[in-house]
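A, B, ... follow the sequence lines: proteins, then strands. Residue 1 opens every chain.
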Amino acid sequence: MNSTEIREFFRRLSEANPEPKTELEYGSGFQLLAAVMLSAQATDKSVNVATRRLFALAPDAEAMVRLGEERISEEIKTIGLYRNKARNLAQLARILIERHDGEVPRDRAALEALPGVGRKTANVVLNTLFREPTIAVDTHVFRLANRTGLAPGKDVQEVEAALYKRVPRQYLLNAHHWLILHGRYVCTARKPRCGECCLRDLCAFRDKTD
DNA sequence: ATCCCGAGGG
DNA sequence: CCCTCTGGAT
């Protein structure tokens with residue numbers, strides 16, 4: 001895809017969805033961080049079902065520490081990987097209180113030092129909460145970047161680097177959510193809906209699914 | 001490279 | 001049944 005096509009690619013996504021935002025439900029920075037950490041290998045819908053209960057019981061870091069790993073575990077059992085996530089969330093809340101006044105740090109290294117928080121989660125928090133021009137490469141972004149030819153790469157590091165080189169500045173802030181949402185509802189993993197895709201004529205994959 | 005791990009879709 | 005879902009730690 002050349003630079004003219006890439007600009008058109010994002011122009012169309014922005015036209016279809018001018019203000020894209022996460023579908024995770026949250027009422028504070030702490031809740032966003034928790035929800036994103038819990039969303040690893042899980043759908044947003046299943047995370048929202050669990051966090052509605054969880055955040056009602058423990059809306060902030062202090063309450064989460066008081067709730068404790070065992071109770072957290074019970075509340076998020078319907079999400080996959082729940083034992084690791086419960087342990088991570090309890091420790092994460094405790095560390096936020098000890099090191100960051102119970103708030104979410106606006107700092108990549110501090111975020112990635114938290115249990116259960118790697119580069120992808122840190123990128124989502126920096127972008128969604130602090131509006132920094134980061135692009136988190138998750139399963140949807142990786143698939144879409146490769147499939148369409150927007151930013152090919154053999155691993156997430158390569159794709160992220162390619163995206164920073166190729167995505168026009170004016171679209172950088174929202175690129176993450178546009179790619180996620182398009183991947184979730186149109187460019188799906190198993191059976192992509194090329195017939196109703198606004199990017200069809202720009203996509204390297206289009207002819208393989210007819 | 002492997003493990004974690006429930007729910008929903010096809 | 002198998003595949004997928006906004007990955008991270010070992």
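The separation between A:R87 atom CZ and C:dG8 atom P is 16 Å, rounded to whole Å. Regarding A:E23, its CD atom lies at a distance of 14 Å from the P atom of C:dC5, rounded to whole Å. Atom NE2 of A:H176 is separated from atom P of C:dG7 by 10 Å (rounded to the nearest Å). Atom CG of A:L92 is separated from atom P of C:dG8 by 12 Å (rounded to the nearest Å). A:R119 places its CZ atom 17 Å from the C1' atom of C:dA9, with the value rounded to the nearest Å. We find that OH of A:Y185 is positioned 14 Å from C1' of B:dG8, with the value rounded to whole Å. In this structure, A:Q41 atom CD and B:dC5 atom P are separated by 13 Å, rounded to whole Å. Note: CG (A:L114) to C1' (C:dA9) measures 14 Å, nearest angstrom.
Along DNA chain B, the nucleotide nearest A:N84 and the nucleotide nearest A:T78 are compared for position; the residue whose nucleotide lies closer to the 5' end is A:N84. Each of A:T139 and A:G116 has a nearest nucleotide on DNA chain C; the 5'-most of these lies closest to A:T139.
Here A:R143 lies in heavy-atom contact (under 4.0 Å) with sugar-phosphate atoms only. Among the heavy atoms of the strands, none lies under 4.0 Å from A:L144. Nucleic acid contact for A:I79: sugar-phosphate only, since backbone atoms but no base atoms lie under 4.0 Å from a heavy atom of the residue. Looking at heavy-atom distances under 4.0 Å, A:K45 makes no contact with the nucleic acid at all. Residue-level contact check: A:A42 touches the bases, meaning some heavy atom is under 4.0 Å from a base atom.
The nearest pair of heavy atoms linking A:V47 to A:A35 is CG1-O, 3.8 Å. Across all non-hydrogen atoms, the minimal contact from A:A162 to A:P152 is CB-O, 4.1 Å. For the pair A:V167 and A:A175, the tightest heavy-atom approach, listed with the atom from each and the gap, is CG1-CB, 4.0 Å.
Proximity of A:R184 to the phosphate of C:dC5: no side-chain N or O atom is located under 4.0 Å from OP1 or OP2. One finds a side-chain N or O of A:T121 lying less than 4.0 angstrom from the OP1 or OP2 phosphate oxygen of C:dG8.
One can find a donor-acceptor pair under 3.5 Å joining the base of C:dC3 and the side-chain atoms of A:R190.
A:F142 and A:I135 fall within a single hydrophobic cluster, where Ile, Leu, Val, Met, Phe, Trp and Tyr side chains are chained together by heavy-atom contacts under 4.5 Å.
For the pair A:H182 and A:C197, the minimum side-chain heavy-atom distance is below 4.5 Å.
Look at A:R12 and A:E15 and you find no salt bridge, because none of the NZ, NE, NH1 or NH2 atoms lies under 4.0 Å from a carboxylate O.
Side-chain atoms of A:Y82 lie closest to B:dC5 of the nucleotides C:dC3, C:dC5, B:dC5.
DNA chain C lies under 4.0 Å from no heavy atom of any residue of residues 152-174 of chain A.
With P as the reference atom, C:dT10 and B:dC5 are 15 Å apart, rounded to whole Å.
Applying the side-chain contact (heavy atoms from CB on, under 4.5 Å) criterion to A:E69, with sequence neighbours excluded, gives A:A86, A:R87, A:A90. Remark: A:R99 engages no residue in a salt bridge (Lys or Arg N to Asp or Glu O under 4.0 Å) (not counting sequence neighbours).
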